[in-house]
Amino acid sequence: MRYINCEDLLVALDEAESGPEPDDLQDAPMIDNWFLIWRDGDAVRADGDVHGHPTINDPWVTTSPVLAYDYHFDREEGWLRSISRWYRLGRLREVPVNSTSPEQARRDTLSAANRHLARQRSDWRERYGPSR
């Protein structure tokens with residue numbers, strides 16, 4: 001991951017919490033077949049098939065830490081703000097789960113990730129100072 005200073009992080013947090021402006025997503029890379037990943041003590045990241053990334057030619061990407069995202073299951077689209085950039089989200093990965101309702105299990109997992117991200121943003125704001 002590239003170096004980011006505290007001021008840039010706080011700006012990215014503000015942007016993530018506000019959501020994208022229309023121009024933010026116009027040329028943003030698209031991630032299809034994506035899902036959120038994280039381990040205890042690590043930041044949430046997304047991985048999937050990327051198209052249109054300005055610096056990565058590999059079709060598979062793991063993003064820098066995710067700050068926020070919004071996904072519409074019915075339209076299979078959304079957005080994601082990582083520390084380094086905006087992404088457009090396409091189809092969510094089909095993850096095998098031991099559940100009678102796999103779709104609900106995926107929704108529950110993404111809801112848990114959103115709660116985790118909210119705590120993470122709050123922790124980072126406390127640690128690195130208030131935004132301007």
(request) For the pair Asp49 and Arg91, evaluate salt bridge (Lys or Arg N to Asp or Glu O under 4.0 Å) and give the outcome as yes or no after the intermediate values. (result) CA-CA 10 Å; Asp49 301 320; Arg91 185 179 39 84; 5.3 Å; no
Any side-chain heavy atom of [X] within less than 4.5 Å of one from [Y]?
X      : Y     : result
Thr109 : Phe35 : yes
Ile83  : Leu9  : yes
Arg45  : Pro65 : yes
Thr63  : Asp47 : no
Thr55  : His53 : yes

For a quick test of reading the model, state the closest non-hydrogen atom pair linking [X] to [Y] and the distance between them.
X      : Y     : value
Arg121 : Ala68 : NH1-CB, 3.7 Å
Ala16  : Trp79 : O-CH2, 3.6 Å
Arg125 : Asp14 : NH2-OD1, 2.7 Å
Gly48  : Ile31 : CA-CG2, 3.8 Å
Arg85  : Pro54 : NH1-CG, 3.3 Å
Asn5   : Asp8  : OD1-N, 2.7 Å

(request) Please lay out, stage by stage, how Val66 and Leu80 fare under the test side-chain contact (heavy atoms from CB on, under 4.5 Å). (result) CA-CA 7 Å; Val66 172; Leu80 178 143; 3.9 Å; yes
(request) Indicate if Leu36 and Phe73 have the same hydrophobic cluster label, given that clusters are the connected sets of ILVMFWY residues with side-chain heavy-atom separations under 4.5 angstrom. (result)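 Both belong to a single hydrophobic cluster.
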(request) State plainly whether one hydrophobic cluster holds both Leu92 and Val61, where clusters connect Ile, Leu, Val, Met, Phe, Trp and Tyr through side-chain heavy atoms under 4.5 angstrom apart. (result)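 Both belong to a single hydrophobic cluster.
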(request) Determine, using ring centers only, whether Tyr69 and Tyr71 are less than 6.0 Å apart. (result)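 Here the rings of Tyr69 and Tyr71 have centres that are no less than 6.0 Å from each other.
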(message) Both conditions, 6.0 Å and 45 degrees, for the charged tip of Arg81 above the ring of Tyr87: are they met here?
(response)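 Geometry flag: not set, cation outside 6.0 Å or 45°.
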(request) Examine Arg93 relative to Trp34 and say whether NZ or CZ is less than 6.0 Å from the centre of the six-membered ring and inside a 45° cone about the ring axis. (result)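 No, a cation-pi geometry is absent between Arg93 and Trp34.
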State the [atom1]-[atom2] distance between [X] and [Y], to the nearest 0.5 angstrom.
X      : Y      : atom1 : atom2 : value
Arg127 : Gln120 : CZ    : CD    : 11.0 Å
Met30  : Arg88  : CE    : CZ    : 4.0 Å
Arg115 : Leu110 : CZ    : CG    : 10.5 Å
Asp70  : Leu89  : CG    : CG    : 9.0 Å

(request) Evaluate whether atom CG of Asp74 has more than 12 neighbouring non-hydrogen atoms of other residues, nucleotides or ligands under 6.0 angstrom away. (result)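 Yes, CG of Asp74 has more than 12 neighbouring heavy atoms, counting only those of other groups under 6.0 Å.
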(request) Return yes if some donor-acceptor pair links the side-chain N/O of Ser122 with the main-chain N/O of Ala118 below 3.5 Å, else return no. (result)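 Judged by distance alone, no pair lies under 3.5 Å.
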(message) Listing request: all salt bridge (Lys or Arg N to Asp or Glu O under 4.0 Å) pairs with a residue in residues 21-34, at least two apart in sequence or in separate chains.
(response)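 Residue pairs passing salt bridge (Lys or Arg N to Asp or Glu O under 4.0 Å), neighbours aside: none found.
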(message) Please determine whether side-chain contact (heavy atoms from CB on, under 4.5 Å) holds for the pair Asp108 and Arg106, giving the CA-CA distance in whole Å, both sets of side-chain angles, and the decisive distance to 0.1 Å.
(response) CA-CA 5 Å; Asp108 292 346; Arg106 292 180 344 154; over 6 Å; no
(message) Go through it in stages, so that I can follow the logic: the residues are Tyr128 and Glu7, the test is side-chain contact (heavy atoms from CB on, under 4.5 Å), and I'd like the CA-CA distance, side-chain angles, deciding distance and then a yes or no.
(response) CA-CA 8 Å; Tyr128 298 109; Glu7 186 174 317; over 6 Å; no
(request) Return the set of residues passing ring-ring contact (aromatic ring centres under 6.0 Å, His included) with Trp38 (not counting sequence neighbours), or none when no residue passes. (result)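 By the ring-ring contact (aromatic ring centres under 6.0 Å, His included) rule, Trp38 matches His116.
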